[in-house]
Every structure is written in C-alpha cells, then in structure tokens.
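Notes to accompany the following structure.
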Amino acid sequence: MTDNSPRPVRTRFAPSPTGSLHIGGLRTAMFNWLFARHHNGRFILRVEDTDQKRYDPQALRILMEGMRWAGLDWDEGPDVGGPYGPYIQSERLTLYQKWAQWLVDNDKAYPSYETPAELEAIRKDLESRKLPPGYNRQHRDLTPEQRAAFEAQGRKPVIRLKMPLEGETIVNDAIHGDVRFENARQQDTVLLKSDGFPTYHLAHVVDDHFMEISHVLRAAEWMPSVPVHWQLWQAFGWEPPVYAHLPVMLNPNGKGKMSKRNPPRDAKGNIIPVLVDDYIQAGYLPEAILNFLANIGWNFGDEREIFTMNDAIERFDLSRINQANSAFPPEKLDWLNGIYIRELPVERLAALLREPLERAGFKVDDDRLMKIAPLVQIRMKTLNDVVELAGFFFHDEFEPAPADQLPQKGMTAEQTRAALEQAGAALSALENFTHEEQEAAMRALAERIGVKPSALFNVLRVATTGQAVATPLFETMEILGRNESLRRIQLAAAQLAALIGSPVQPE
RNA sequence: GCCCCAUUCGUCUAGAGGCCCAGGACGUGGCCCUCUCAAGGCCAAAACAGGGGUUCGAUUCCCCUAUGGGGCACCA
C-alpha cells in the first residue's frame with residue numbers, strides 16, 4: 001500500500017510554467033518535498049513546458065521564487081542542475097521523439113494523421129450517435145502504404161498510444177489502494193503532438209523513468225489518466241514509480257477546485273488569493289502557509305496542528321493522507337498566520353513590516369518601526385494589518401479624526417473639550433513622558449473629573465491617533481513624543497471648541 | 001452522457017469492529033480579563049448522508065441509493 005519500493009526515494013514537482021505558482025501546486029510540491037526529506041531522498045524540480053501556446057518566460061522565475069520563499073529546496077532542477085538533466089522538458093525533445101518512435105516501431109503506438117478539424121468532426125459524430133466522445137481509432141491499423149499516402153500529402157501526424165482493447169488496468173495507488181479501469185473505455189491518447197512536442201503523458205513517463213523517480217505524488221485530477229500512464233510503463237517495459245494521488249483542494253464553499261477564474265471567496269464574500277505570490281503580497285508568512293497546507297489532506301498524527309516543517313518531515317507518512325477532497329479553510333489560515341506572527345522575534349517582525357508599510361506609501365523610520373512592532377504584534381492576522389493599525393505613525397501630516405468622533409458615550413462635547421485641555425496640562429507636567437507615568441496621571445485625572453478611565457483614554461486615542469482602533473494609547477503617545485502628543489490633543493480640543501461654537505444644526 | 005474518486009460538527013480533521021451516547025482545531029455564541037482592537041483564559045452549541053447486509057457488536061467491513069468532487073484536448 002505504501003512506500004515499499006526498494007529504490008532510493010526520488011520525488012519531483014513538475015509544474016508547467018504558465019503563470020505564477022498556484023497554492024494547490026505549492027501543497028503538492030510540499031508533500032513531495034516532505035516525502036523525499038523524510039526518506040532522506042532527493043527532491044527534483046522539473047519544468048513541464050511542453051505547451052508552446054501557453055508558455056510564459058516569466059513564469060519559471062516566479063515559480064522558483066515562490067518555492068524558495070516557502071523554503072522548499074530542490075536537489076536537482078533547472079537552475080541547480082544535477083546528474084539527470086536537463087530539467088526543462090523543452091530541452092529534452094529528442095528524447096521524447098526517440099521513445100515515441102520506439103513505441104511505433106514496437107507496435108505500441110501509431111501515427112495518426114487527422115487534422116484538428118477532422119478530429120472535431122469525429123468527436124461530433126461520436127457524440128451524435130450517443131457514443132463516448134473521443135477518437136475513433138481510424139488510423140490505428142493503417143498500412144504502410146496508407147501512411148505513406150498521408151505523408152505524401154504533407155500531413156504531420158501525432159503519435160497515439162495503442163491502448164489494449166480489452167481487459168482492465170489495475171493500479172495500486174499508495175493513497176487509494178487498487179483502482180481499476182476497463183481498457184475498452186480508454187482512449188488512444190496522443191503522446192507526441194504534430195509539432196514534435198510530447199504531451200504530459202509521454203513526457204512524464206519518459207522523464208520519471210530516466211530521472212529514476214520512485215514516487216509520484218500528484219493531484220487526484222490525474223487519476224483518470226492513470227490507465228494510460230500505466231499502459232505506457234508496460235509498453236516500455238519500465239518499472240513504474242509508486243503513484244499517490246493527493247486529494248484536491250476545493251474552494252472554501254467546497255464547490256469546485258481552487259482556480260483563478262471563478263475566484264474563491266471566504267465566508268464574508270471576500271475574494272481570497274489563489275496564487276502564492278498573492279499570499280506573499282497579502283502578508284502571510286511562509287511558515288504559516290506551509291503549516292496550514294500540511295493540515296489539509298494530511299495530519300500530524302496526534303492532535304497537534306501547529307508544527308514546524310522539521311517536525312513534519314520527521315512524521316510525514318503517506319498513510320496519513322486523506323482520500324477525500326477538502327475545502328480550503330481561509331479563517332484557519334488567518335488564525336495560524338496570527339500565531340506565527342506572534343512568535344516572530346520583534347526585530348524580524350519589524351523588518352517584515354517595512355514592505356507593506358512602504359507599499360502603502362509611507363516613509364518608514366527604522367527606530368520608530370522597532371518601537372511599534374511589539375505593539376502591533378498580537379493584533380495582526382497578516383503583515384498588511386499594520387497599515388490600518390499603525391499607519392498613522394508614518395503619515396507625513398497628521399490626519400485628525402472628525403471632531404464628532406471625539407466625545408465618548410455619555411460625554412458632551414464641552415466635557416470632552418475640557419477633559420482634553422486638562423489631560424494636556426497634566427501630561428505636559430509629567431517629569432518623564434513614559435507610558436507608566438502617563439497612565440497614572442490620566443487615571444488620576446479621570447477620577448478627578450468624574451469620567452470613566454476608558455472613556456478618557458478613548459478620547460485621547462482618537463485625538464492622538466485619529467482613529468478609534470489603534471495601538472495602546474500610552475505606548476503610542478510615548479512613541480509619538482510629548483510635543484507631538486500635546487499638539488494633537490490641543491488640536492482636538494480646538495476642533496471641539498469650534499464645533500461647540502458653531503451654530504447648532506436644527507436637528 | 002460515460003468513467004474514476006470520495007462522503008464524521010458550518011469548515012479542517014481524529015477515529016483503522018467494542019476504548020465513541022464520537023476527540024481536537026478554526027469559526028460561532030457566552031463569560032472573564034481589559035484604555036480601543038486584539039491576544040489570553042474558561043464554558044457552550046455543533047457531525048458518523050440514507051437504506052440494506054456481515055457480525056454477539058458497526059463511524060469503522062460489503063452492497064445499493066443519494067450527494068459532492070474530479071476527469072473525458074495535438075493543456076498540464
């Protein structure tokens with residue numbers, strides 16, 4: 001059922017570089033990486049760029065950056081090389097062509113000369129006759145003369161696999177156990193396209209063989225093509241790897257798999273990212289993302305849900321991978337990310353906070369950031385939360401809140417104005433402008449003027465930060481400094497004075 | 001339409017015949033703490049899809065139904 005292959009463990013992640021790394025792809029990569037590391041094996045990165053129509057030259061770079069960000073290091077790959085290279089399929093074309101020809105020569109595959117339009121017509125015809133759509137195998141047994149005739153027309157054939165017409169293909173999947181397919185229902189799948197490029201089916205079998213891949217952990221979407229792959233291994237007479245089909249990560253609502261078109265949404269209806277790059281931009285930590293991903297479709301074994309990748313490597317085991325697909329739980333990611341943020345050393349947090357702040361257009365002062373970091377640390381789910389929470393620290397010019405937001409529940413504008421004045425006076429009289437001294441003074445003041453401390457503090461918070469929700473008041477004022485704090489308090493008092501002085505709106 | 005895979009609280013999951021009147025976590029609700037917001041602590045509600053078998057005994061094994069997902073390209 002599991003990894004009883006005697007071969008040294010070699011796994012691979014083989015994305016096609018058609019865009020940025022998909023979060024589901026990262027999970028697949030992670031499982032392969034975890035498995036290889038657990039068995040002291042090798043983890044290979046291979047690029048499946050056999051679709052010229054979808055090729056994106058930027059994608060490979062972005063993809064590797066995403067993997068590195070996550071900390072999934074590969075032992076062999078396009079940039080690091082290795083003894084089984086090249087690791088880019090478009091650089092291995094002659095290999096695929098050679099083995100495709102070998103299959104033809106050994107009667108395991110055949111050239112098929114239809115044009116796309118003809119294939120379309122065949123499909124339509126099959127469908128109209130209520131037969132399974134696909135290819136009707138009309139070129140499966142062409143004579144050499146017939147083939148020559150097509151060649152003479154200048155037609156470029158594809159190479160198709162000669163699928164057995166009867167019997168069944170039974171494949172033992174490491175996660176699902178025996179899976180059986182009726183051969184008669186399978187297609188004569190295209191192995192080599194007319195442009196000389198292989199399809200995934202051919203390319204991955206050839207590569208996995210020559211790269212000596214021992215275990216293929218891939219998304220369950222591939223399961224339907226397993227019989228084709230298995231027959232290919234048989235046709236070549238090569239030892240197949242152990243296949244393990246991973247459960248698919250579905251949208252949060254469980255409807256459909258995560259994809260860029262048809263973007264997934266959380267419970268509140270917010271769009272949640274699909275691409276790893278977007279998670280980076282959104283302020284998620286790699287440790288949190290990996291830990292989160294590891295808990296979807298796999299579990300640690302005891303009741304721990306928070307663990308390091310080293311712990312996961314130690315524990316990783318195919319038998320703990322689920323068979324059922326699962327919905328992506330965004331709230332859980334936020335929770336985990338918050339935990340990882342809280343565990344960060346402050347210096348590290350401060351360093352990480354810089355980018356979202358600068359992206360929001362702020363000029364960031366290092367000293368100030370170091371002081372702010374511990375204040376925001378327990379209040380964030382993502383790094384980006386710093387902008388809303390503490391962005392006011394970095395405004396070039398202070399943006400006061402509207403005056404009507406200053407008075408707290410049960411306080412009149414005049415009361416509030418007076419409280420502000422007195423707070424200013426008391427604060428300016430402080431020997432040291434530390435948060436401890438401030439708090440003592442403000443509590444005393446609250447009692448003296450007969451308002452609840454929380455009400456007074458909230459007034460001051462709105463006055464000094466310009467927002468109702470912010471970092472703790474006294475620490476905040478300490479960072480702002482006495483002059484700036486007093487200035488803002490006076491400004492607020494003046495705002496209120498103006499408000500009171502202005503003619504009262506009739507209702 | 002055909003094929004494949006699956007089905008435990010809203011969600012992620014534990015459970016591999018009796019330990020389960022089903023455990024953990026997120027989220028939700030309540031309480032506590034509290035200068036806002038958080039964080040933290042405590043408590044609560046919340047699930048074995050349905051029906052047949054097998055068995056002394058099924059969440060666990062088998063079958064059927066239902067539901068969900070995936071796949072049916074010269075894309076991967």
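Predicted, not measured: the structure shown is a model, and the values here were computed from it. Numbers restart at 1 for each chain; the letters A, B, ... are given by sequence-line order, proteins then strands.
Going from atom CH2 of A/W230 over to atom P of B/C4 covers 18 Å, rounded to whole Å. Look at NE2 on A/H229: it is 20 Å from P on B/C3, rounded to the nearest Å. Nucleotide B/C2 holds its P atom 25 Å from the OH atom of A/Y135, rounded to whole Å. The separation between A/M258 atom CE and B/G70 atom C1' is 16 Å, rounded to whole Å. One can place CH2 of A/W335 at 18 Å from P of B/A38, the figure rounded to the nearest angstrom. To the nearest angstrom, P of B/U13 lies 14 Å from CG of A/L336. When rounded to the nearest whole Å, the span between CD of A/E303 and P of B/A25 equals 7 Å. Straight-line distance from the CD1 atom of A/I339 to the C1' atom of B/A25: 10 Å, rounded to whole Å.
Each of B/G69, B/C75, B/C74 was ranked by its minimum atom distance to the side chain of A/L119; first place goes to B/C74. Closest approach to the A/I296 side chain among B/C12, B/A25, B/C35 is made by B/C12 (side chain taken as heavy atoms from C-beta onward). Distances were taken from every side-chain heavy atom of A/N299 (C-beta onward) to each of B/A73, B/A14, B/C4; the shortest belongs to B/A14. Considering only the side chain of A/E305, B/G24 comes nearest among B/C35, B/G24, B/C74. Of the candidate nucleotides B/C12, B/A6, B/C75, B/A6 has the atom lying nearest to any side-chain atom of A/H176. If you check B/G27, B/A76, B/G15 against the side chain of A/Y200, the one that comes closest is B/A76. Taking the side chain of A/K332 as heavy atoms from C-beta on, and the options B/A76, B/U11, B/A25, the nearest nucleotide is B/A25. Proximity note for A/M223 (side chain, C-beta onward) versus B/G70, B/C4, B/C37: the nearest is B/C4. Here the nucleotide nearest the side chain of A/I378, chosen from B/A39, B/C26, B/C35, is B/A39. Closest to the side chain of A/E331, from the set B/A76, B/U36, B/G27, is B/G27.
The C1' atoms of B/C20 and B/C5 are separated by 28 Å, rounded to the nearest whole Å. Separating the C1' atom of B/U60 from that of B/U8 is a span of 11 Å, rounded to the nearest Å. A distance of about 12 Å separates the P atoms of B/C3 and B/U65, rounded to the whole Å. For B/G30 and B/G71, the P atoms lie 42 Å apart once the distance is rounded to whole Å. With both ends at atom C1', the span from B/G27 to B/U13 equals 14 Å, rounded to whole Å. Rounded to the nearest Å, the gap between the C1' atom of B/G51 and that of B/A66 is 10 Å. Nucleotides B/G68 and B/G29 are separated by 30 Å at their C1' atoms, to the nearest Å. Remark: the separation of the C1' atoms in B/A6 and B/C21 is 28 Å, to the nearest Å.
If you check every strand for non-hydrogen atoms under 4.0 Å, A/N322 touches sugar and phosphate atoms only. Across all strands shown, A/P198 has heavy atoms under 4.0 Å from sugar-phosphate atoms exclusively, and none from any base. Using a 4.0 Å heavy-atom cutoff across all strands shown, A/L473 reaches at least one base atom of the nucleic acid. Within the 4.0 angstrom heavy-atom criterion, base atoms lie near A/A470. Using a 4.0 Å heavy-atom criterion, one finds that A/G254 contacts the sugar-phosphate atoms exclusively. Base engagement by A/A468 is indicated by at least one non-hydrogen atom pair under 4.0 Å involving a base atom. When heavy atoms are screened at a 4.0 angstrom cut-off, A/E475 is found touching base atoms of the nucleic acid. A/R129 comes within 4.0 angstrom of no nucleic acid atom, judged by non-hydrogen atoms across all strands. Among the protein residues, A/E48 comes within range of the sugar-phosphate backbone only, with heavy atoms under 4.0 Å from sugar or phosphate atoms but none that close to a base. Across all strands shown, A/L389 has no heavy atoms under 4.0 Å from either base or sugar-phosphate atoms. Backbone-only engagement by A/G256 is indicated by non-hydrogen atom pairs under 4.0 Å involving sugar-phosphate atoms exclusively. Contact annotation for A/S194: base contact, defined as any heavy-atom pair under 4.0 Å involving a base atom. Looking at heavy-atom distances under 4.0 Å, A/R185 makes contact with sugar-phosphate atoms alone, never a base. Heavy atoms of A/E114 sit under 4.0 angstrom from at least one base atom.
Base-pair partner of B/U60: not found among the strands shown (Watson-Crick or G-U wobble, both distances under 3.5 Å). Remark: B/A49 base-pairs with B/U65; criterion is Watson-Crick or G-U wobble with both hydrogen-bond distances under 3.5 Å. A 3.5 Å limit on both hydrogen-bonding distances identifies no Watson-Crick or G-U partner for B/C21. The partner of B/C26, taking Watson-Crick or G-U wobble pairs whose two distances both stay under 3.5 Å, is B/G10. In this structure, B/C33 makes no Watson-Crick or G-U wobble pair, since no nucleotide meets both defining distances under 3.5 angstrom.
Remark: the backbone N or O of A/E305 is paired with a side-chain donor or acceptor of A/N291 at under 3.5 angstrom.
Nearest-nucleotide mapping onto RNA chain B: of A/L333 and A/E182, the residue sitting toward the 5' end is A/E182. Comparing A/P224 and A/R160 by the nucleotide of RNA chain B that holds the closest heavy atom to each, the one mapping nearer the 5' end is A/P224.
Salt bridge annotation for A/K156-A/D195: absent, with no cationic side-chain nitrogen under 4.0 angstrom from a carboxylate oxygen.
When ring centroids are compared, A/Y87 and A/W74 stay outside the 6.0 Å threshold. Aromatic rings from A/F31 and A/H215 are positioned such that their centres are separated by 6.0 Å or more. Aromatic ring centres of A/F292 and A/Y279 lie farther apart than the 6.0 Å criterion allows.
Atom CD of A/Q153 sits in a crowded spot, with more than 12 heavy atoms from other residues, nucleotides or ligands closer than 6.0 Å. Annotation for A/R348: atom CZ does not count as buried by contact number, only 12 or fewer foreign heavy atoms lying within 6.0 Å.
For A/K381 and B/A39, the shortest distance from a side-chain N or O to OP1 or OP2 is below 4.0 Å. In this structure, A/R443 does not reach the B/U34 phosphate: none of its side-chain N or O atoms is under 4.0 Å from OP1 or OP2.
By the 30° and 60° cut-offs, the orientation of the rings of A/Y135 relative to A/H139 is perpendicular.
Contact of A/R379 with B/U36 (side chain to base): a donor-acceptor pair of N or O atoms is detected under 3.5 Å.
For A/R448, there are no salt bridge (charged side-chain N to carboxylate O under 4.0 Å, His left out) partners, not counting sequence neighbours.
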